[in-house]
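Scroll down for the structure; my scribbles are underneath it.
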Amino acid sequence: MGRKTWFDDDGMKKGEWTAEEDEKLIAYINEHGMCDWRSIPKRAVGLRRCGKSCRLRWLNYLRPGIKRGKFTPQEEEKIIKLHAVLGNRWASIAKHMENRTDNDIKNHWNSCLKKKLSRNGIDPMTHEPINNNLTVTTTYVECGSSSTTTGPTTESHCSSAPSGSACLLNKLAAGSVKSLRRPC
DNA sequence: AAGGAGGCCAACCGCAGAGTC
DNA sequence: AGACTCTGCGGTTGGCCTCCT
């Protein structure tokens, strides 16, 4: 898979990453840490990639502990619940998902979950029934398992979130928890 | 078996926010 | 205070894969 390889005006390589480039990036980050992405093309010998591209590759693919592959029904349900609270804030949602990247979650939402909710008569953006009833009956059917939550539309979806996350979700929804830029 | 359609996923682009000068 | 730089995020695209006809 991946895109064709090409070079931009600054001579930076674009497109699919090779195993060799991956190794160079991993070696560089192991040695210097994740500081100053912009300087990577200058300091990492033989890696002609812009800092942005390096960061994306590291965070979405090379970072240790990343979970790849199919989403479990539990994960899908959690994403739906988090999305109901946080909206399209994929980075925030990813922080509550174990070892899943925002890109992964976003891709799965756009390609799969959104359609499933629509098929079940749920507006994927508002998480309310498309027929606009006062009572929400949401049935998540995925990979042989299902769960149903029923309640008035005015009630926060946090109430049905797994124990422990509801409080944080409420804080996030209220904006009291802010993502902070990590110092180098 | 072949071709088309849709699914899936890696990667790019543009913008917004935070930090620095 | 304002301009500039850098990073992070969300939206979108491109291309391979898989399934269906």
Side-chain angles (χ1 to χ4, degrees), chain A residues 1-26 28-29 32-44 47-73 75-120 123-127 140-144 168-169 171-184:
Chain A
M1 206 184 287
R3 300 188 171 196
K4 285 176 182 172
T5 301
W6 55 286
F7 292 86
D8 68 8
D9 295 340
D10 300 324
M12 290 295 171
K13 193 178 172 188
K14 301 276 185 175
E16 193 174 14
W17 280 68
T18 63
E20 193 186 350
E21 287 175 314
D22 284 345
E23 282 173 23
K24 282 174 184 168
L25 181 58
I26 290 167
Y28 176 87
I29 288 173
H32 299 95
M34 285 189 292
C35 287
D36 198 4
W37 293 108
R38 244 174 82 90
S39 70
I40 288 181
K42 294 171 196 160
R43 293 164 70 179
L47 192 60
R48 292 171 68 189
R49 293 277 185 172
C50 69
K52 218 170 176 177
S53 184
C54 291
R55 177 186 163 272
L56 202 67
R57 182 67 177 172
W58 173 258
L59 293 178
N60 288 335
Y61 201 87
L62 299 175
R63 192 160 45 113
I66 286 182
K67 190 176 170 186
R68 312 190 64 76
K70 279 196 171 297
F71 282 76
T72 65
E75 285 177 315
E76 291 190 331
E77 194 174 331
K78 194 171 178 182
I79 291 169
I80 290 165
K81 283 172 180 171
L82 287 164
H83 186 270
V85 178
L86 298 167
N88 289 5
R89 291 159 65 187
W90 307 114
S92 301
I93 293 172
K95 282 170 192 160
H96 295 92
M97 302 290 297
E98 282 181 23
N99 301 322
R100 291 287 189 181
T101 68
D102 58 344
N103 205 33
D104 220 11
I105 294 168
K106 179 172 62 182
N107 280 333
H108 190 61
W109 174 266
N110 286 327
S111 66
C112 187
L113 295 180
K114 217 157 94 170
K115 287 168 192 167
K116 274 173 194 159
L117 285 181
S118 294
R119 273 203 298 270
N120 288 336
D123 186 326
M125 296 318 291
T126 63
H127 292 260
Y140 305 120
V141 180
E142 176 58 27
C143 301
L168 182 57
L169 292 178
K171 284 180 187 172
L172 281 161
S176 61
V177 174
K178 227 172 127 180
S179 63
L180 298 170
R181 187 175 282 191
R182 206 180 16 245
C184 271

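Side-chain atoms are counted along with the backbone in the values below, which use heavy atoms only and exclude waters and symmetry mates. Residue numbers begin at 1 in each chain, while the letters A, B, ... track the order of the sequences.
Residue A/S53 has a polar side-chain atom (N or O) positioned under 4.0 Å from OP1 or OP2 of B/dC12. Between A/R55 and C/dC9 there is a side-chain N or O to OP1 or OP2 distance below 4.0 Å.
Distance CZ (A/R57) to P (C/dG8): 18 Å, rounded to an integer number of Å. Per the geometry, CG belonging to A/L59 stands 14 Å off P belonging to B/dA10, to the nearest Å. The nearest whole Å value for the distance from the CG atom in A/D8 to the P atom in B/dG14 is 12 Å. Here the P atom of nucleotide B/dA10 and the CG atom of A/D104 are 7 Å apart, to the nearest Å. Look at CG on A/D102: it is 14 Å from P on B/dA11, rounded to the nearest Å. As rounded to whole Å, 9 Å separates atom P of C/dG10 from atom NZ of A/K95. Residue A/I105 contributes atom CD1, which lies 16 Å from atom P of B/dC8 at whole-angstrom precision. Distance, A/D9 CG to B/dC13 C1': 15 Å, rounded to whole Å.
For A/R38, the side-chain atoms get nearest to C/dT7 when compared with the rest of C/dT7, C/dG10, B/dC8. Side chain of A/Y61, nearest nucleotide from C/dG8, C/dG10, B/dA10: B/dA10. Listed nucleotides B/dC15, B/dC12, C/dG11 differ in distance to A/W90; the shortest reach to its side chain belongs to C/dG11. Taking the side chain of A/W6 as heavy atoms from C-beta on, and the options C/dT7, B/dC13, C/dG10, the nearest nucleotide is B/dC13. Each of C/dC9, B/dC12, C/dG11 was ranked by its minimum atom distance to the side chain of A/K106; first place goes to C/dG11. Of the candidate nucleotides B/dC8, B/dA11, C/dG8, B/dA11 has the atom lying nearest to any side-chain atom of A/N107.
On a pure distance criterion of 3.5 Å, no polar donor-acceptor pair joins the side chain of A/K115 and the base of B/dG7. Contact annotation: side chain of A/N60 to base of B/dA11, donor-acceptor pair absent below 3.5 Å.
Judged purely by atom type and a 3.5 angstrom limit, A/S53 has no side-chain atom pairing as donor or acceptor with the backbone of A/C50. At distances below 3.5 Å, not a single donor-acceptor pair connects side-chain atoms of A/R100 with backbone N or O atoms of A/I105.
Between the CE atom of A/M97 and the NZ atom of A/K78 there is a distance of 6.0 Å, given to the nearest 0.5 Å. The structure places CG of A/L86 at 10.0 Å from NZ of A/K95, a figure rounded to the nearest 0.5 Å.
In this pair, A/W90 and A/W109 present their aromatic rings tilted. The plane angle is within the 30 to 60° band.
Counting any heavy atom pair closer than 4.0 Å across all strands shown, A/G51 reaches no nucleic acid atom. Counting any heavy atom pair closer than 4.0 Å across all strands shown, A/W109 reaches no nucleic acid atom.
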